[in-house]
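Lettering of chains follows the sequences in order, A, B, ..., and the numbering in each one begins at 1.
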There are 2 protein chains.
Amino acid sequence: MQIAVVLFDRFTALDAVGPYEMLVRLPGAETVLVAERPGPVGNDAGSLTLTADRSLADVPRPDVVVVPGGPGQSAQMDNEVLLDWLRAADAASTWTTSVCTGSLLLAAAGLLRGRRATSHWLALGHLERYGAEATEERVVTDGKYVTAAGVSSGIDMGLTLLGRLAGDDHARAVQLLTEYDPRPPYDAGSPRKAPAHLVEEMRAKSRFILT
Amino acid sequence: MQIAVVLFDRFTALDAVGPYEMLVRLPGAETVLVAERPGPVGNDAGSLTLTADRSLADVPRPDVVVVPGGPGQSAQMDNEVLLDWLRAADAASTWTTSVCTGSLLLAAAGLLRGRRATSHWLALGHLERYGAEATEERVVTDGKYVTAAGVSSGIDMGLTLLGRLAGDDHARAVQLLTEYDPRPPYDAGSPRKAPAHLVEEMRAKSRFILT
């Protein structure tokens, strides 16, 4: 089994590394970071660089596709090299998945039409423009499509997917090994829970970011 | 303010990227990935490479030190270049922090003697050998030392630290932006919650890993 995590300029690091860390321990699987061109790929903050070991062209038929999000997603929405790869990879994949605004890339490739899906809470409206049925759930499975909400939700998505790929016991073992027993010091992780002024501030800023 | 995340061969990716993602949005702060030598650093699984932008020597006095863990920690326990750097950086730091077995490196540098601290649940006994008072809490703050339990707990640690550095409101904003409202699909993230056979299997294996 081959798992491909797709990188692009200005991706969000945790979007990619969260599900990576859950899935990489799948017995007998190869996990590979891919990008349009192999080599260093910088994140949204400009202070973290991951290496894409192989090009998209070199990994044409992964069993599992993981597409992270991040501010750099906007610039990829009309990148036909990436979108064509997503369509072709999806045609052969067992699972096609995303984290955060990665789902907008799946949607732009036409893969989420008529499907229930999620994204970063600030991007749910954009998802609907591409014909997906946007939901506020943290991890949404519709057929072979598994989409996650913002950034950190990729960990929950990765663990959910791992359970489907390797069974509940293996997923529980990885949860134990990575000590994923979260205890956030605040309770502001969703627009329903965060103080209203923070939600409003972020919505106002996002008008300039998400287009 | 300068935040240094320390990389070493065979670190665990999420240990580093979890707190990185929480701390990188601190206004006016520079976050830098450092290693003994600048350049690519491979993770424990061998399929992910992060770039260290600067050498330890180039970043002698960060305000915040973050030391991740991972299987590669063992090989660093007598790396005097790293341990000397940790001691010197700690002498000037505002916060000295770790995730997972990163606390064993702080302990080996002599920084946790007599202090309450934590580590990956499989490594708590080792922590005590270096004179720390090991506890099973997820995030432990003792003076300027903040240590986190295994792998994913670095996210909770990063968010806790962010609250201390920038205030509760900023930390809540980052929690909202990264949609950190965790909902693991299983409840096996600590040895108290996981099925006993998984805990036992992991303890048995760890005898060969943690030395």
Heavy-atom donor-acceptor pair, [X] side chain to [Y] backbone, under 3.5 Å:
X: A:D156; Y: B:R183; value: yes
X: A:W121; Y: B:L177; value: no
X: B:E179; Y: A:S152; value: no

Decide yes or no for [X] and [Y]: does some side-chain heavy atom of the first lie under 4.5 Å from some side-chain heavy atom of the second?
X: A:L14; Y: B:M22; result: yes
X: A:T12; Y: B:T178; result: no
X: B:V151; Y: A:Y180; result: no
X: A:L198; Y: B:D169; result: yes
X: A:T51; Y: B:L48; result: no
X: B:V139; Y: A:P185; result: no

If I measure from the heavy atoms of chain B, does [X] come under 4.5 Å with its side chain, its backbone, both, or neither?
X: A:P195; value: side chain
X: A:V24; value: side chain
X: A:V199; value: both
X: A:P182; value: both
X: A:A194; value: side chain

Is [X] atom [atom1] crowded by more than 12 heavy atoms from other residues, nucleotides or ligands, each under 6.0 Å away?
X: B:R54; atom1: CZ; answer: yes
X: A:R164; atom1: CZ; answer: no
X: A:R25; atom1: CZ; answer: yes

- Item | Rounded distance [0.5 Å steps], CD in B:E201 versus CG in A:L176 | 10.0 Å
- Message: With chain B as the partner, which of A:D53, A:V32, A:D187 has the greatest number of non-hydrogen pairs under 4.5 Å?
- Response: A:D187
- Of A:G189, A:P40, A:G150, the largest count of non-hydrogen pairs under 4.5 angstrom with chain B goes to A:G189
To check you understand the geometry: which heavy-atom pair defines the closest contact between [X] and [Y], and what is its length?
X: B:E21; Y: A:A13; value: OE1-N, 3.3 Å
X: B:Q175; Y: A:P184; value: NE2-CB, 3.5 Å
X: B:D168; Y: A:Y186; value: OD1-OH, 2.7 Å

- Query: Hey, are B:R138 and A:D181 close enough for a salt bridge, meaning a charged N less than 4.0 Å from a carboxylate O?
  - Reply: no
- Item | Residue selection (most heavy-atom pairs with chain A, distance under 4.5 Å) from B:P191, B:A45, B:A173 | B:A173
- Task: For A:S47 and B:Y20, test the side chains for any donor-to-acceptor distance below 3.5 angstrom and give the result as yes or no.
- Result: yes
